[in-house]
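Read through the structure below, which is laid out as C-alpha cells, and then see the notes.
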There are 4 protein chains.
Amino acid sequence: MKDKIMQTSIQLFGKKGFTETSVQDIVNEIGVTKGTFYYYFTSKDELLAMIHYEFINNILDKQEEVLNNPNIDSKEKLDQIVKVLTYEIKHSAQSARIFFREMRHISEEHLAKISPKRHQFRKNLEKLVTDGMANGEFQEHVRPDILSYAILGITNWSYFWYDPSGPIKEKELAEGYVEFILKGLLK
Amino acid sequence: MKDKIMQTSIQLFGKKGFTETSVQDIVNEIGVTKGTFYYYFTSKDELLAMIHYEFINNILDKQEEVLNNPNIDSKEKLDQIVKVLTYEIKHSAQSARIFFREMRHISEEHLAKISPKRHQFRKNLEKLVTDGMANGEFQEHVRPDILSYAILGITNWSYFWYDPSGPIKEKELAEGYVEFILKGLLK
Amino acid sequence: MKDKIMQTSIQLFGKKGFTETSVQDIVNEIGVTKGTFYYYFTSKDELLAMIHYEFINNILDKQEEVLNNPNIDSKEKLDQIVKVLTYEIKHSAQSARIFFREMRHISEEHLAKISPKRHQFRKNLEKLVTDGMANGEFQEHVRPDILSYAILGITNWSYFWYDPSGPIKEKELAEGYVEFILKGLLK
Amino acid sequence: MKDKIMQTSIQLFGKKGFTETSVQDIVNEIGVTKGTFYYYFTSKDELLAMIHYEFINNILDKQEEVLNNPNIDSKEKLDQIVKVLTYEIKHSAQSARIFFREMRHISEEHLAKISPKRHQFRKNLEKLVTDGMANGEFQEHVRPDILSYAILGITNWSYFWYDPSGPIKEKELAEGYVEFILKGLLK
DNA sequence: CATGAATGAGCGTTCATTCAT
DNA sequence: AATGAATGAACGCTCATTCAT
C-alpha cells in the first residue's frame, strides 16, 4: 500500500504538480480514504521527500557504477552517464519532473538527507571532468565546476521539453548530446 | 502602484513560488489591501502572465537585435546570445526563475500570447545553428534542434544553481559556456 | 443621469437580481465611474427603494383613477384594475420583477415610505370587493381580505411565468383572468 | 448532520434569503465549522438544489395521489389539491419561500432534475381543468393553461403574505380559495 | 460633476491534518 | 489497518463605499 501510494503520487505530482495535487486526489485514485494515507506517511511533505530520495538514490547508484568501472576511460564514462540521465528522464519522466521542479517544497529536515546526494552527483561529474583533464583526455579551457553544470544543464533540461512520442528518439538524443559535449560546435 | 505590485510579486514569486505566495503576502509587503491588488489586476493569474510576457519579450528583443546584426558571423552571434542569457539570469534572477518554473500556472488564454514568443526564441537559436552549418562555420554532426535545446539547457540551467555572490563571476561563467559550446570537451 | 442610472438598474436588477448586480455593473453599462453613482445615490439600497417607490406609486395612481370613476360599477372597476396590473407586468416586466422579488432588500427606513402604499393598494382592492358585496353585485361567500389576496395572486403571479413572446397574448390573459375571477370554474 | 444542515439552511434561507445567508451563518447556527459543511455538500448551490428537489418532490407526490384517486370527481380533486398547497405553504413556509423565490440561483445542471417536476405539477393541474371541462363539470370559458396559472397564483401567492399567526386560519383560507375558484365573484 | 484610487469586511471554497472508532 | 467525521487556517476574489482631487 505504501508503495502504491508512492507510485500514484508520482504520477499525479508529475502531471499536476505537488501543490496542485491534494491528498484527496491521491487516495481517490487508489480508492482508499485519507486516514489510510496518514497511516503510512506522516505528511504530504514526507511523501515528497521519499520520492526525491528514491530518485536521487537510484541515479546516484547508476552513476557510481559507471564511475567505478576501471575498464573504461573518462570519455566513455561521460558517454554512459549522459545515457543514464537521458534514459531516466525518458522512462521516469514524472519522477524527474518532480525532482527538478518540486525541490522547493521539501522541508529543511528532509533536505538534510537529499541535498548531500544531489551535491554528490554533481561533484562526481566535476571529478570526472577533472580526472579527464589530468589524464590528458579533456581540454583544460574551462573551470571543471562550470563544465559539470553545463553538462547537467544539457541533460536535465530535457525534462522540460522532451516528448518521447515526438520526432526525436531517445538514442538519437543521447548520442547527439554526447557528440556535442565532446566536440562542440566549431569546425 | 501597478509596477510596484509587479516588482514585489516578482521577488516573492521567485523566492517562494507562485502558488506559495498569496495575494495577501504581496499586498502586505507593499502595505496596501487586497482590494488594491484587484483594482490593478483582474487575477493573480493575469499578473503571472504579465511577468512572463515582459521577460520573454525582453530577451526575445535582445536576441533578435543580435541576430539582425549583419556585421558578425554565426559564432559571434552565438557568443553574444549566450552572454545575453547569462546576463538576464543573473540580473533578473527572480524573473528568470518564475519564467522557467511557473509556466504551468498560466492559463490557456494567456499562453496564447506567451507560448509563440517562447517558441520563437528557441527556433531563432535553431536557425542560427542551421545557418552556421550552411556557411561552414559549424559542424553538421548533430540535429540542429537537439543542439538548440542543448545550448538552452546549458544557459537556462543556471537559474537553478547559479549564485551571483558565489565564487564564479558572471563573465567567467558566460565565457566558459561559450568556450565549451564551441569547442567541446575533447582534446 | 439620475434617471439613466435608474433605468439601467431596473434592467439589470430585473435580469440578474439585486444582489447579483454590482454597482460596477451598473456604471459599466452607462460608461461612467462608481463615483458618479454615489453622487446621485447615497447607496445601492436607496436606488432600489426609489425603483420600488416609483413602481407602486404608478400602479396605485392608476388603480385610484379607476376606483374614483363614478360612472362604472364594481365589476367594471375590477375588470379595469386587472387589466392595469396585467399591462404593467407585461410592459414594466423588469420593474415588476424587482417589486415582487427584491422587497426584502429594502431597509426599514425606506420601507416606511413604500409599505403603506403597498398596503393601500391591497386595501383598495379589498374595499372594492366589500363595496361590490354591499351593493349586491358580488357574492358574500368568502372574506373580502382573502378574496383580495386571491385576486392579487392571480395577477401578480404572472410576473413569475408570463412570457409576452409566448403563445398567450396580453389581452387574452387579462380577459381570461377577469372571466375566471367573476364566474369561477363551476358550471 | 447532513439533515441538520439542511433544516437549518431552510430556516435561514427562508428568513434572510439564499444569497444573504452565508455558509458561515449556517455553520455558526449549528456550532460546527465550514469544513463540516463542505464535507456533506459540494457547494452551497447543491444544498439549495436539494432543498428545492425535496420540496417539489413532496408536493408532486401528494398532488398525484389526489389525481390518481378514482373515487372523486374533478371538483373534489381541485379542492384537495388547493388544500394540499395551502397546507404546505403554511407548514413548510420557509421551504415554500425558498422554492418560489430562489429558483434563479440554481445552476443549469441541477435545474435539469428540478424543472421537469415543476413543469409536471403545473401540467397536472392544467389537465385536471381540461378533464373537468370534458366531463361537463367546469365551464369552458377560458384557456385551461391560463386557468391553471391563475389557480396556482392564488395558492402560491400565500407564501408572500400569509401569516399563520394572523387572523386568518388555515382552514378558512383554503376553503375560501376553493369557494372562490369554483364560483367566482359575481352573483 | 465626475474620476480614480483605495479600503475593509466578507464570501465560497480548499485542504492538510487529527482522531475516535 | 483503515474509516469517516470534523477542524481551522488560509486562499482567491468581490464589492459597497469613501474621499481627495
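Letters A, B, ... are given to chains in the order of the sequence lines, protein chains preceding strands, and every chain is numbered from 1.
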Legend entry - Whole angstrom value for the distance that separates C1' of dA2(F) from CD1 of Ile30(A): 13 Å
Inset, instruction - Go through the steps for Arg104(A) and Glu102(B) under the test salt bridge (charged side-chain N to carboxylate O under 4.0 Å, His left out), then give the verdict. - result: CA-CA 12 Å; Arg104(A) 154 171 112 266; Glu102(B) 316 283 6; 3.3 Å; yes
Legend entry - Rounded distance (Å) that lies between atom P of dG4(F) and atom CG of Asn28(A): 12 Å
Legend entry - Tyr39(B) side-chain proximity, nearest of dA5(E), dA6(F), dC11(E): dA5(E)
Inset, instruction - Ignoring backbone atoms, establish whether Tyr38(D) has a side-chain N or O less than 4.0 Å from OP1 or OP2 of dT14(E). - result: no
Legend entry - Residue that, paired with Phe55(C), satisfies ring-ring contact (aromatic ring centres under 6.0 Å, His included) out of Phe13(C), Phe121(C), Phe99(C): Phe99(C)
Inset, instruction - May I ask you to say what Thr33(B) touches in the nucleic acid, namely base, sugar-phosphate or nothing, with a heavy-atom cut-off under 4.0 Å? - result: base
Legend entry - Comparing Ser22(A) and Asp45(D) on DNA chain E - which has the more 5′ nearest nucleotide: Asp45(D)
Inset, instruction - Mind checking Thr36(B) for me? I need base, sugar-phosphate or nothing, with any heavy atom below 4.0 Å counting as a touch. - result: base
Legend entry - Protein-nucleotide distance (Glu46(C), atom CD; dT18(F), atom P), rounded to Å: 12 Å
Legend entry - Nucleotide nearest Gln24(B) (side chain, heavy atoms from C-beta), chosen from dT17(F), dC11(F), dA16(E): dC11(F)
Inset, instruction - Using whole Å, report how far CD1 of Ile26(B) lies from P of dA10(F). - result: 17 Å
Inset, instruction - Please state how far atom CG in Leu12(C) lies from atom P in dA16(F), giving the value in whole angstrom units. - result: 12 Å
Inset, instruction - From the options dT17(F), dG12(E), dC13(F), select the nucleotide whose nearest atom is closest to the side chain of Val23(C). - result: dT17(F)
Inset, instruction - Please work out if Thr21(A) contacts a base, only the sugar-phosphate, or nothing of the nucleic acid, heavy-atom cut-off 4.0 Å. - result: sugar-phosphate
Inset, instruction - Could you tell me how the ring of Tyr159(B) sits relative to the ring of Trp157(B): parallel (under 30°), tilted (30 to 60°) or perpendicular (over 60°)? - result: perpendicular
Inset, instruction - Quick one: look up who dA20(F) pairs with, Watson-Crick or G-U, both distances under 3.5 Å, and put none if it's unpaired. - result: dT3(E)
Legend entry - Contact nearer the 5' end of DNA chain F, comparing Thr42(C) with Asp25(C): Asp25(C)
Legend entry - Min side-chain heavy-atom separation Tyr39(D)-Met1(D) under 4.5 Å: no
Legend entry - 5′-ward residue of the pair Phe37(D)/Tyr40(B) relative to DNA chain E: Tyr40(B)
Inset, instruction - Could you check how far CZ of Phe13(C) sits from P of dC15(F), rounded to whole Å? - result: 13 Å
Legend entry - Length of the CG-P vector between Leu48(B) and dG12(F), whole Å: 12 Å
Inset, instruction - Can you check whether any acceptor in the base of dT17(E) is under 3.5 Å from a donor in the side chain of Lys34(A), or vice versa? - result: yes
Inset, instruction - Whole angstrom is fine here: how far is it from CZ in Phe41(D) over to C1' in dC11(E)? - result: 18 Å
Inset, instruction - Taking the side chain as every heavy atom from C-beta outward, state whether Glu54(B) and Met6(B) have any pair of such atoms under 4.5 Å apart. - result: yes
